Amino acid sequence: QVQLVESGGGLVQAGGSLRLSCAASRRTFTTYAMGWFRQAPGKEREFVAAIGWSGGSTSYADSVKGRFTISRDNAKNTVYLQMNSLKPEDTAVYYCAADRGRPSNPSRSQITYDSWGQGTQVTVSS
């Protein structure tokens, strides 16, 4: 298993930006596809973005496309989620996840991911 630790969450006004980071514990991170999911109060956890092992293949939920960007730095064992033009409906706990079985083609389904971080809170005020 790979251990994942998210950081970068916080409180921001609508229209602002945040950059989330997810640091992995193992060098085998470089072979994993990585994803970001979020869960708002009273709602189911939903897909946000994912990236393949090389960073060349990405996928985004329609609700964040054009505003969020997922990237990775394999030398640092870290995946990022740059969030711009934030909206109150983006308020949620954000989780990063690792998929060791899908290194090049990122999945939108949470059941394909093997390891999960503890989550970081993002709150967007109006």
Side-chain angles (χ1 to χ4, degrees):
Q1 287 283 346
V2 58
Q3 292 184 329
L4 306 172
V5 179
E6 301 100 332
S7 62
L11 175 64
V12 65
Q13 291 183 328
S17 298
L18 284 174
R19 188 193 192 200
L20 305 184
S21 298
C22 176
S25 63
R26 304 197 312 183
R27 290 183 175 86
T28 50
F29 164 88
T30 59
T31 70
Y32 293 3
M34 299 293 297
W36 286 97
F37 294 78
R38 67 187 182 186
Q39 187 168 24
K43 296 186 179 297
E44 298 292 321
R45 186 166 58 188
E46 65 177 356
F47 170 78
V48 177
I51 189 167
W53 71 270
S54 69
S57 180
T58 59
S59 183
Y60 296 93
D62 288 343
S63 60
V64 306
K65 191 174 298 182
R67 299 188 298 121
F68 291 10
T69 303
I70 188 171
S71 62
R72 66 192 299 161
D73 186 341
N74 287 344
K76 296 181 178 180
N77 285 357
T78 302
V79 63
Y80 305 96
L81 185 68
Q82 178 67 46
M83 305 185 295
N84 298 326
S85 301
L86 283 163
K87 305 174 181 179
E89 50 263 45
D90 295 318
T91 295
V93 176
Y94 283 70
Y95 301 89
C96 76
D99 176 8
R100 65 176 183 264
R102 302 180 68 88
S104 60
N105 299 117
S107 173
R108 293 170 175 258
S109 176
Q110 63 180 299
I111 65 174
T112 68
Y113 289 84
D114 306 294
S115 301
W116 294 81
Q118 83 288 349
T120 185
Q121 177 70 48
V122 172
T123 302
V124 184
S125 63
S126 60

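Nothing fancy with the numbering, it's 1 onward along the sequence. Note that the structure is predicted; figures quoted are calculated from it, not measured.
Between A50 and S107, the closest heavy-atom pair is CB-O, 3.8 Å. Nearest heavy atoms, A40 versus A92: N-CB, 3.8 Å. When all heavy atoms of L81 and A49 are compared, the pair lying nearest together is CD1-CB, 4.2 Å.
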>> With side-chain contact (heavy atoms from CB on, under 4.5 Å) as the criterion, how do M83 and D90 come out once you've worked through the C-alpha distance, each side chain's angles and the decisive distance to 0.1 Å?
In response: CA-CA 9 Å; M83 305 185 295; D90 295 318; over 6 Å; no
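Around CD of Q3, the count of heavy atoms belonging to other residues, nucleotides or ligands within 6.0 Å does not exceed 12.
With values rounded to the nearest 0.5 angstrom, Q39 atom CD is found 11.0 Å from Q121 atom CD. Distance check: D99 CG to I51 CD1 gives 13.5 Å after rounding to the nearest 0.5 Å. To the nearest 0.5 angstrom, R45 atom CZ is 4.0 Å from Q110 atom CD. The structure places CE of M34 at 8.5 Å from OG of S115, a figure rounded to the nearest 0.5 Å.
In terms of the salt bridge (charged side-chain N to carboxylate O under 4.0 Å, His left out) criterion, residue partners of D114 (sequence neighbours excluded) are, by chain and number, R100. When the salt bridge (charged side-chain N to carboxylate O under 4.0 Å, His left out) test is applied to K76, no partner is found at least two apart in sequence or on another chain.
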Could you pull out all donor-acceptor pairs under 3.5 Å where a side-chain atom in residues 11-24 meets a protein atom, sequence neighbours excluded?
{"residue": "S17", "atom": "OG", "partner": "N84", "partner atom": "OD1", "Å": "2.9"}

Distance-only donor-acceptor hits, side chain of residues 55-64, under 3.5 Å, sequence neighbours excluded:
{"residue": "S59", "atom": "OG", "partner": "R108", "partner atom": "NE", "Å": "3.0"}
{"residue": "S59", "atom": "OG", "partner": "R108", "partner atom": "NH2", "Å": "3.0"}
{"residue": "Y60", "atom": "OH", "partner": "I70", "partner atom": "N", "Å": "2.9"}

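T123 contributes no side-chain N or O that, together with a main-chain N or O of T91, makes up a donor-acceptor pair within less than 3.5 Å. For N74 (side chain) and S54 (main-chain N/O), no donor-acceptor pair under 3.5 Å exists by modelled atom type. Side-chain atoms of E6 come within 3.5 Å of backbone atoms of Q118 as a donor-acceptor pair (strictly under, hydrogens ignored).
Under a 4.5 Å side-chain heavy-atom cut-off, the cluster of Ile, Leu, Val, Met, Phe, Trp and Tyr residues that includes Y113 is completed by F37, F47, V93, Y95, W116.
Applying the disulfide (SG to SG under 2.5 Å) test to residues at least two apart or on different chains, none of the pairs has a partner in residues 51-81.
Under a hydrophobic clustering in which Ile, Leu, Val, Met, Phe, Trp and Tyr are joined whenever their side-chain heavy atoms come within less than 4.5 Å, directly or via other members, V79 and V2 fall into the same cluster.
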